[in-house]
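So the structure is just underneath, and the comments pick up after that.
Note: hydrogens, waters and symmetry copies are ignored here, and every other heavy atom, side chains too, is used. One-based numbering, in listed order, for ligands and for the atoms of each.
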Amino acid sequence: MVKRQDTASLLNGYLKELLLSAMRERYAELAVQARQESLSYEQYLLELAEQECINRHNSRIERNLKLSKIARNKNMETFDLQRVPVTVVQQVRSLVDGSFVDHKENILAFGNPGSGKTHLLCAIGQELIRKGRKVYFTPCSLLVQELLRAKKDLELSRILKKLSVYDVLIIDDIGYVQQDRSEMEVLFTLLADRYERGSIMITSNLPFSKWEQIFKDPMVTAAAIDRLVHHSVILELNISSYRMETAKNKRTQQPDSSSNQHKGGN
Ligand code: ADP
Ligand code: MG
């Protein structure tokens, strides 16, 4: 029979070797509880196994949130749904269940600058990660630069493969920066590569009618739009800028500065 202190150190060693960190941290404390509550051996083991699973699930989500490059503060809790049209609220409610990802559908968010497109897609992205999906956020301009560099180094297919591990790719601000033909070609290659293979979420200030500015060539523009919209949900955020509105509200809440000028404030 092994001595009591040997049991603890052996158990610690085995659990460490088996990478069961939550079990290692909790087994002693839960054993005390199990004795008090007269739990069976099986119930105690169940409790420990559950802790390990919860721990692993949480660290996986934490890891995927970090990998996604989504800004943490752009989540559903900080997004005021009352600012967006009712139809968008309904669309968002059904999108966060994630079935659009299974169907490889795309989400396209249109609206003026400041209407909340980026924040909303990031928030949806975070919800999807919490449901176990892999998401990657990138500004369009950065993505295009990365693709171009890869193409120059004959590594385009490697990068496309790397991106294909993500269930959802968020491309922020397509068409915001004027890009040349070679830049648009690589972007088109990516869209074609993911077509019906993985979801894309895009934000844009430009309506489709102006997408020729992005893809330059009318045929390429039509082909890009066609692939994106074939299986897609369009979120129309035709609302005023949140930034502008909060700035205006702040101004109206501040006391009239002209009447303060003569009061000798510091
Ligand atoms: P867009 O991508 O449409 O230009 P953003 O998503 O960047 O707009 O929003 C601009 C700023 O306003 C961000 O700081 C964002 O967090 C905030 N914002 C926009 N809409 C909302 C909203 N409905 N609730 C809370 N914050 C919002
Ligand atoms: Mg934006």
Side-chain angles (χ1 to χ4, degrees), residues 65-98 100-101 105-130 133 135-147 163 166 168-179 183-184 187 190-191 194 199-215 224-225 228-229 232-254:
L65 277 170
K66 253 194 213 129
L67 271 177
S68 75
K69 306 259 176 68
I70 294 178
R72 284 300 176 93
N73 60 349
K74 300 207 187 300
N75 54 48
M76 273 306 173
E77 284 77 51
T78 53
F79 191 80
D80 181 4
L81 277 171
Q82 295 201 337
R83 278 201 84 246
V84 302
V86 184
T87 38
V88 173
V89 177
Q90 287 162 348
Q91 287 172 308
V92 171
R93 292 228 165 95
S94 85
L95 289 174
V96 291
D97 81 4
F100 82 93
V101 182
E105 286 171 4
N106 302 320
I107 301 182
L108 310 164
F110 292 104
N112 304 321
S115 55
K117 303 178 296 293
T118 303
H119 191 145
L120 182 57
L121 292 203
C122 285
I124 296 173
Q126 291 204 35
E127 292 299 309
L128 296 174
I129 293 171
R130 288 180 206 290
R133 320 287 171 139
V135 180
Y136 186 71
F137 172 94
T138 173
C140 184
S141 48
L142 226 120
L143 172 70
V144 166
Q145 290 317 313
E146 198 179 341
L147 292 174
L163 290 172
Y166 294 99
V168 180
L169 186 60
I170 305 179
I171 305 176
D172 193 32
D173 264 336
I174 190 171
Y176 186 67
V177 185
Q178 280 288 325
Q179 278 148 340
E183 292 173 323
M184 278 312 123
L187 184 59
L190 170 74
L191 299 185
R194 280 191 81 88
S199 294
I200 294 182
M201 289 162 83
I202 281 181
T203 73
S204 185
N205 301 329
L206 294 178
F208 284 137
S209 57
K210 296 198 176 145
W211 274 33
E212 219 175 293
Q213 289 177 27
I214 311 175
F215 289 99
I225 295 176
L228 280 173
V229 300
S232 72
V233 176
I234 292 179
L235 305 175
E236 293 274 8
L237 292 171
N238 293 323
I239 49 174
S240 58
S241 163
Y242 184 87
R243 289 184 273 247
M244 203 99 92
E245 223 163 81
T246 42
K248 253 193 239 157
N249 287 344
K250 258 191 214 152
R251 241 176 284 147
T252 51
Q253 276 161 19
Q254 275 166 4

Would you tell me whether Asn73 and Thr78 have side-chain atoms, one donor and one acceptor, within less than 3.5 Å of each other?
no

Just to be sure I read this right, does ligand 1 sit under 4.0 Å from the backbone of Thr78, its side chain, both, or neither, counting only heavy atoms?
backbone

If you compare all heavy atoms of Asp97 against all heavy atoms of Arg133, which two are closest, and at what distance to 0.1 Å?
O-NH2, 4.2 Å

Starting from [atom], what is the nearest protein heavy atom, named by residue and atom, and what distance separates them?
atom                    : answer
atom 24 (N) of ligand 1 : Asp80 N, 2.8 Å
atom 2 (O) of ligand 1  : Thr118 OG1, 2.7 Å
atom 21 (C) of ligand 1 : Tyr242 CD1, 3.4 Å
atom 6 (O) of ligand 1  : His119 N, 2.8 Å
atom 11 (C) of ligand 1 : Arg243 CG, 3.8 Å
atom 4 (O) of ligand 1  : Gly114 N, 2.7 Å

At less than 4.0 angstrom from any non-hydrogen atom of Pro113, what atoms of ligand 1 do you find?
4 (O)

Within the 4.0 Å heavy-atom shell around Asn112, which atoms of ligand 1 are there?
3 (O)

With a cut-off of 2.8 Å, which protein N/O/S atoms are close to the Mg ion (ligand 2), if we only count those under it?
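Under 2.8 Å from the Mg ion (ligand 2) - ignoring waters, which are not counted - the protein N, O or S atoms are Thr118 OG1.
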
Taking the side chain as everything from C-beta on, heavy atoms only, tell me whether [X] gets closer than 4.5 Å to [Y].
X     : Y      : result
Lys69 : Thr138 : no
Phe79 : Val92  : no
Met76 : Val96  : yes
Ile70 : Leu65  : no

Please work out which of Ala71, Gly111, Ala109, Gly116 has its closest non-hydrogen atom nearest to atom 5 (P) of ligand 1.
Gly116

Which of these, Met76, Lys117, Lys74, Glu77, has its nearest heavy atom closest to atom 13 (C) of ligand 1?
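Answer by nearest heavy atom: Lys74.
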
Rounded at 0.5 Å granularity, tell me how far CD1 in Ile171 sits from CG in Asp173.
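Nearest 0.5 Å value for the CD1-CG distance: 11.5 Å.
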
Could you tell me whether a side-chain N or O of Asn106 sits under 3.5 Å from a main-chain N or O of Leu228, the two making a donor and an acceptor?
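A pair under 3.5 Å: yes.
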
Short question: side chain of Gln91, backbone of Ile234 - any donor-acceptor pair under 3.5 Å?
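Indeed, once roles are kept as given, a pair shorter than 3.5 Å links the two residues.
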
Among all residues two or more places apart in sequence or in another chain, which pass the side chain to side chain donor-acceptor pair (under 3.5 Å) test with Ser232?
none

Apply side-chain contact (heavy atoms from CB on, under 4.5 Å) to Phe137 and Leu121, showing your working.
CA-CA 9 Å; Phe137 172 94; Leu121 292 203; over 6 Å; no

